[in-house]
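Data block below; observations after.
All ligand and atom numbering here is 1-based and tracks the order in the structure. Start at 1 with the first residue, then count along the sequence.
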Amino acid sequence: MIVVTGSTGRVGGLVARRLERLGHPMRLVVRDAGRAPRVANAEVVVAEYGNPQALAHALREGDRVFMVSLWIGGDVRLDLHRSFVAAAAKAHVAQVVYLSFVNAGPRAIFSHAREHGATEEMLRDSGVPWTSIRNSMYADDIPGWFDPDGVAREPGEDSRMSFSFRPELADVIAAALTQPGHEDTIYNITTPESVSLQELANVATRVTGDTYSYDPISDAEWIERWKAQGRPEWALEAGLTSYEAMRQGEFDVVTDDYEKVTGRKPATIAEIIAALVDEMPLTAARRA
Ligand SMILES: NC(=O)c1ccc[n+]([C@@H]2O[C@H](COP(=O)([O-])OP(=O)(O)OC[C@H]3O[C@@H](n4cnc5c(N)ncnc54)[C@H](OP(=O)(O)O)[C@@H]3O)[C@@H](O)[C@H]2O)c1
């Protein structure tokens with residue numbers, strides 16, 4: 001059976017719908033059964049990553065499992081991931097497909113990439129066949145990089161980054177779960193180009209017809225801003241290390257892995273912004 005975690009969220013929800021479209025039955029492992037997506041041929045089991053007893057019912061021998069990474073920082077995330085990997089190994093599942101991050105590993109500057117690296121290490125040590133689907137920053141979140149006035153106020157200067165589009169991640173996750181030969185493989189699913197934040201603003205301007213721009217700010221200004229929003233300490237560390245990682249080129253990763261797995265070209269950043277135009281702040285403000 002194919003098992004999908006995170007289906008109440010965005011990537012997992014898209015994976016469940018891809019599997020439904022492909023005609024595969026699945027087991028959705030959720031924290032709240034009332035919020036499970038309504039998809040055909042799905043059974044729903046309630047279990048969270050920190051509950052080994054519940055996971056023992058949710059994961060069974062021979063299952064092929066999508067493991068969403070959790071959006072929490074530091075040891076809490078690693079303990080929950082460790083608990084899930086241990087349950088998967090104990091159940092003798094056939095494969096875990098894990099949602100990771102580009103350049104995951106112990107030497108990554110970005111704190112989340114170090115945590116994804118540690119989770120990949122857990123999978124490697126577990127003996128369970130696994131596939132890593134590494135992503136860069138979500139392309140679906142590009143509208144949020146710009147303030148309501150169309151200005152991206154971020155550190156990063158002229159460093160470059162690629163993005164990853166959640167629907168394309170879901171395509172590859174569904175392929176890895178349903179086709180043979182994806183075990184013990186790492187895929188980097190990225191847009192076909194990387195951009196600086198100034199170039200991102202230029203693309204947004206060209207695609208939308210509104211004026212977007214980039215105003216570089218210092219790390220200190222950024223941290224002031226996020227602290228004022230009451231963000232937790234791990235999110236501040238993640239943010240600050242992400243800008244340093246960007247400056248060191250950790251997010252400047254472009255591959256053709258999407259095309260290799262699906263046979264299709266990934267969407268360009270311009271195509272993604274066009275698809276998300278209603279969410280771009282200047283378009284949204286004009287239409288409000
Ligand atoms: N690349 C990027 O730019 C980027 C940005 C943000 C996050 N991420 C990572 O990508 C992951 C997936 O992204 P997304 O947009 O799909 O996130 P999302 O919409 O927030 O979905 C996260 C899913 O994880 C589930 N979950 C949370 N804690 C859990 C636990 N203890 N046990 C079991 N399930 C739990 C949530 O369930 P509930 O609905 O019950 O909460 C939800 O279904 C994130 O979790 C994060 O690790 C990447």
Side-chain angles (χ1 to χ4, degrees), residues 3-18 27-37 39 42 44-55 57-59 65-88 96-104 108 110-120 132-145 154 161-170 172-174 187-191 200 231-232 234-235 238-239 241-243 245-246 250-251 253 269 272 276:
V3 176
V4 180
T5 63
S7 63
T8 52
R10 296 182 68 180
V11 175
L14 289 164
V15 171
R17 277 176 213 102
R18 293 288 181 283
R27 188 181 314 127
L28 303 175
V29 176
V30 296
R31 295 201 289 182
D32 173 358
R35 292 180 38 247
V39 287
V44 176
V45 175
V46 174
E48 68 103 17
Y49 280 19
N51 186 335
Q53 289 80 17
L55 288 175
H57 293 287
L59 304 176
V65 182
F66 169 55
M67 173 185 174
V68 74
S69 52
L70 304 185
W71 185 234
I72 322 161
D75 290 343
V76 181
R77 176 189 238 175
L78 290 181
D79 287 348
L80 289 167
H81 285 184
R82 192 172 294 107
S83 164
F84 189 88
V85 172
V96 170
V97 177
Y98 174 65
L99 186 65
S100 187
F101 199 87
V102 293
N103 277 312
F110 182 32
S111 59
H112 286 323
R114 283 198 300 277
E115 291 154 16
H116 286 295
T119 307
E120 290 187 356
S132 178
I133 310 292
R134 292 183 176 179
N135 56 61
S136 199
M137 291 292 171
Y138 285 147
D140 324 47
D141 297 341
I142 287 173
W145 283 74
E154 307 278 346
M161 65 195 297
S162 60
F163 289 90
S164 301
F165 195 28
R166 284 182 180 91
E168 293 179 352
L169 291 166
V172 175
I173 293 163
Y187 295 115
N188 289 281
I189 304 304
T190 68
T191 47
L200 181 68
R231 306 282 182 135
W234 65 262
T241 57
S242 77
Y243 293 112
M246 259 172 87
E250 252 176 39
F251 302 166
V253 176
I269 292 171
I272 294 168
L276 301 174

Exercise. CE of Met161 to OH of Tyr243: how many Å apart, nearest 0.5 Å?
Worked result: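 Here the rounded value is 8.5 Å.
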Exercise. Under 6.0 Å between the ring centres of Phe110 and His116?
Worked result: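 Not close enough - the centres of the two rings lie 6.0 Å or further apart.
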Exercise. Should the pair Asp75-Arg82 be classified as a salt bridge under the 4.0 Å nitrogen-to-oxygen rule?
Worked result: no
Problem set entry | Val76 and Trp234, any side-chain heavy atoms less than 4.5 Å apart | no
Problem set entry | Heavy-atom side-chain contact between Leu28 and Val39 under 4.5 Å |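 With C-beta onward as the side chain, the pair touches.
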Exercise. What is the ring orientation for Trp71 with His112, classed by angle as parallel under 30°, tilted 30 to 60°, or perpendicular over 60°?
Worked result: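 Geometry flag for His112 against Trp71: tilted rings.
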Exercise. Exactly which residues line ligand 1, taking a heavy atom under 4.0 Å from it as the test?
Worked result: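 Contacts of ligand 1 under 4.0 Å: Gly6, Thr8, Gly9, Arg10, Val11, Arg31, Arg35, Glu48, Tyr49, Val68, Ser69, Leu70, Trp71, Arg77, Leu99, Phe101, Asn135, Ser136, Met137, Tyr138, Arg166.
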